[in-house]
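As the structure lists them, so they are numbered: ligands from 1, and atoms in each ligand from 1. Quick caveat: nothing in here was measured; it's all calculated off a predicted structure.
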Amino acid sequence: MRINEILEKKQTFSFEIFPPRGDLPVEQAMVIAEDMAHERPDWISVTFSAGGSGNTGNTAAIASRIQRHTGTNALAHLTCLGSSKADVNAYVQHLQEGGVQNVLALRGDRAPGRAAVDFSYASELIEYLKRTAPSLCIGAACYPEGHVEAPSLTADIESLKRKQDAGADFLVTQLFFDNELFYRFREACVRARIKIPITVGIMPFTSTKQITRMAFTCGASIPARVIKRLIAAGDNPVDQARAGVEYACEQLCDLAANGVDGLHVYSMNKPNVARAAHEALRACGYCKE
Ligand code: FAD
């Protein structure tokens, strides 16, 4: 099913997985996806070479198997920097043959040797997909604290409006740790006449080292209350990870109480994280089953 049609009817709940590296990554991903599918998410997204991993080959295959075999809708990510129109056409054909109807259209991070071929920005990919594959539902990324390269949040929201105008059907946010920043961003989107649904992406932090890396790669701010929880967890990795899941569940329930369009959990290929999020959202009444 197309995600925009689900969003017309209900607030959604979804997970992300990334293709594992190494041998049998499709089979490994399917074990994770099938476990997550037990939580009955509205969709599972599959990343495309996230973090510059170069692991792009299996995204369409994993998304197709999720769509065909788990009873869950798949959202296949696609980045366009360094890709030609022919590359995009081949990927879309693979998705459509596998029954996948949803694509998250992204630019991708700049990297040495990755120059623009046919696309410089996500809005160009969105416009191209809308024209050449009109049956696809197209998602796009948004940044409650502004994209790291953007000169200001206002400039980034203008770029976001271009993605809506190019035909994006819904948005997924980058992770953040301070919900107030999201609420302010949502108001700014209303003022900028961005009307498509915004699903909110939340990632539990797993350690002091990991959250610091996130802050530096995505520009996400770390509020004092998160720092205090990590101090309380001390050097114990298990306590740090537990604090991260607890904090993410609190963030999700606060967002649920504040009427978001959808909640998307960056579950880091960990079905136990997906389960904890689902339990928290059932307890606060956001998820009904
Ligand atoms: P764009 O929308 O093109 O924006 C990029 C920058 O250019 C922004 O600063 C924007 O303000 C600016 N800009 C846009 N249009 C214009 C214009 N016309 N003129 C001037 N400036 C402009 N990366 C992966 O490699 N694989 C993934 O699977 C993946 N999944 C992601 C999922 C989500 C939900 C998010 C939030 C990010 C994901 N990323 C992924 C990271 C993403 O590729 C990077 O954040 C990338 O740097 C920007 O992608 P974008 O689609 O937002 O780009």
Side-chain angles (χ1 to χ4, degrees), residues 3 12 14-21 29 43-60 62-63 74-83 87-88 91 95 102-111 114 116-129 138-176 181-182 185 188-189 192 194 196-203 213-214 216-220 261-269:
I3 288 171
T12 59
S14 52
F15 300 126
E16 177 187 273
I17 65 170
F18 50 87
R21 292 182 204 217
W43 77 82
I44 295 176
S45 70
V46 186
T47 66
F48 187 88
S49 187
S53 67
N55 200 359
T56 58
N58 290 319
T59 301
I62 294 166
L75 169 64
H77 294 202
L78 170 62
T79 65
C80 62
L81 207 56
S83 296
D87 296 331
V88 170
Y91 183 80
L95 292 181
N102 304 290
V103 172
L104 190 69
L106 301 148
R107 186 197 68 180
D109 284 324
R110 292 192 190 285
R114 191 187 292 159
V117 178
D118 282 332
F119 307 96
S120 298
Y121 296 109
S123 55
E124 297 169 6
L125 175 64
I126 294 165
E127 188 275 328
Y128 182 73
L129 290 172
I138 312 287
C142 65
Y143 303 84
E145 299 184 64
H147 182 258
V148 277
E149 289 168 27
S152 66
L153 182 57
T154 306
D156 200 36
I157 289 176
E158 282 167 18
S159 298
L160 185 56
K161 177 76 167 38
R162 273 193 282 270
K163 297 199 253 194
Q164 174 181 271
D165 294 346
D169 295 299
F170 70 102
L171 301 169
V172 185
T173 74
Q174 185 168 68
L175 62 92
F176 54 86
L181 298 175
F182 171 73
F185 169 74
C189 286
I194 292 170
I196 51 180
I198 305 175
T199 66
V200 179
I202 294 296
M203 180 185 277
R213 198 176 65 241
M214 288 299 158
F216 277 84
T217 49
C218 318
D261 297 319
L263 291 170
H264 186 61
V265 182
Y266 297 115
S267 32
M268 301 170 296
N269 288 0

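- When heavy-atom distances to ligand 1 are checked against a 4.0 Å cut-off, Leu160 has no atom that comes that close, whether in backbone or side chain.
- Here His77 has side-chain heavy atoms under 4.0 Å from ligand 1, and that is the only part of it that gets that close.
- Closest heavy-atom approach to atom 38 (C) of ligand 1 among the candidates Leu78, Leu171, Thr47, Leu106: Leu106.
- Ligand 1 has no N or O atom lying under 3.5 Å from any N or O atom of Glu16, backbone or side chain.
- The residue His264 has no part lying near ligand 1, judged by heavy-atom distances below 4.0 Å.
- Atom numbering of ligand 1 starts at 1 in the shown order; those under 4.0 Å from a heavy atom of Lys163 are 1 (P), 2 (O), 50 (P), 51 (O), 52 (O).
- Geometrically, ligand 1 and Ala122 share a nitrogen or oxygen pair separated by less than 3.5 Å.
- Taking distance alone, with nitrogen or oxygen atoms compared against 3.5 Å, Arg107 approaches ligand 1 more closely than that limit.
- Here the side chain of Asn269 pairs a donor or acceptor atom with the backbone of Phe18 at under 3.5 angstrom.
- Atom numbering of ligand 1 starts at 1 in the shown order; those under 4.0 Å from a heavy atom of Ser159 are 10 (C), 11 (O), 12 (C), 13 (N), 14 (C), 15 (N), 16 (C), 22 (C).
- Counting the atoms of ligand 1 from 1 in the order shown, those under 4.0 Å from a heavy atom of Asp156 are 8 (C), 9 (O), 10 (C), 11 (O).
- Evaluation of the salt bridge (charged side-chain N to carboxylate O under 4.0 Å, His left out) rule for Glu149 yields Arg107, Arg110 as partners, not counting sequence neighbours.
- A distance of 6.0 Å separates CD of Gln164 from CD1 of Ile194, quoted to the nearest 0.5 Å.
- No donor-acceptor pair under 3.5 Å is formed between the side chain of Ser14 and the backbone N or O of Ile44.
- Looking at ligand 1, you won't find any N or O of Ala155 less than 3.5 Å from one of its N or O atoms.
- If you number the atoms of ligand 1 from 1 as listed, the ones under 4.0 Å from a heavy atom of Val172 come out as 34 (C).
- Remark: ligand 1 atoms within the under-4.0 Å shell around heavy atoms of Gln174 are 36 (C).
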I'd like to know whether Phe119 forms a side chain to side chain contact (heavy atoms under 4.5 Å, CB included) with Val88, so could you lay out the CA-CA distance, the side-chain angles of the two residues, the decisive distance to 0.1 Å, and finally the verdict. CA-CA 10 Å; Phe119 307 96; Val88 170; 3.7 Å; yes

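- If you number the atoms of ligand 1 from 1 as listed, the ones under 4.0 Å from a heavy atom of Thr79 come out as 24 (C), 25 (O), 26 (N).
- At least one heavy atom of Tyr143 sits less than 4.0 Å from an atom of ligand 1.
- Ranked by closest heavy atom to atom 43 (O) of ligand 1, the top entry among Gly108, Ala168, Gly201, Gly219 is Gly108.
- For ligand 1, the atoms lying closer than 4.0 Å to a non-hydrogen atom of Ala150 are 9 (O), 11 (O).
- Using a 30° and 60° split on the angle between ring planes, His264 and Trp43 fall in the parallel class, below 30°.
- Taking the six-membered ring for Trp and thresholds of 30 and 60 degrees, Tyr91 and Phe48 have ring planes more than 60 degrees apart, a perpendicular arrangement.
- For the atom pair CD1 (Ile198) and CG (Leu160), the distance works out to 7.0 Å, reported to the nearest 0.5 Å.
- Proximity of Phe119 to ligand 1 is not established, as no heavy-atom distance is less than 4.0 Å.
- Under a 4.0 Å criterion applied to the non-hydrogen atoms of Tyr266, ligand 1 contributes the atoms 34 (C).
- Judged purely by atom type and a 3.5 angstrom limit, Thr79 has no side-chain atom pairing as donor or acceptor with the backbone of Leu106.
- Checked by atom type and distance alone, the side chain of Thr173 pairs as donor or acceptor with a backbone atom of Gly201 at under 3.5 Å.
- In terms of modelled atom types and a separation under 3.5 Å, the side chain of Asn58 and the main chain of Pro19 share no donor-acceptor contact.
- For Ser123, no nitrogen or oxygen atom sits less than 3.5 Å from a nitrogen or oxygen atom of ligand 1, counting backbone and side chain alike.
- Partners of Tyr143 under the ring pair (Phe, Tyr, Trp, His ring centres under 6.0 Å) rule, at least two apart in sequence or in another chain, are His147.
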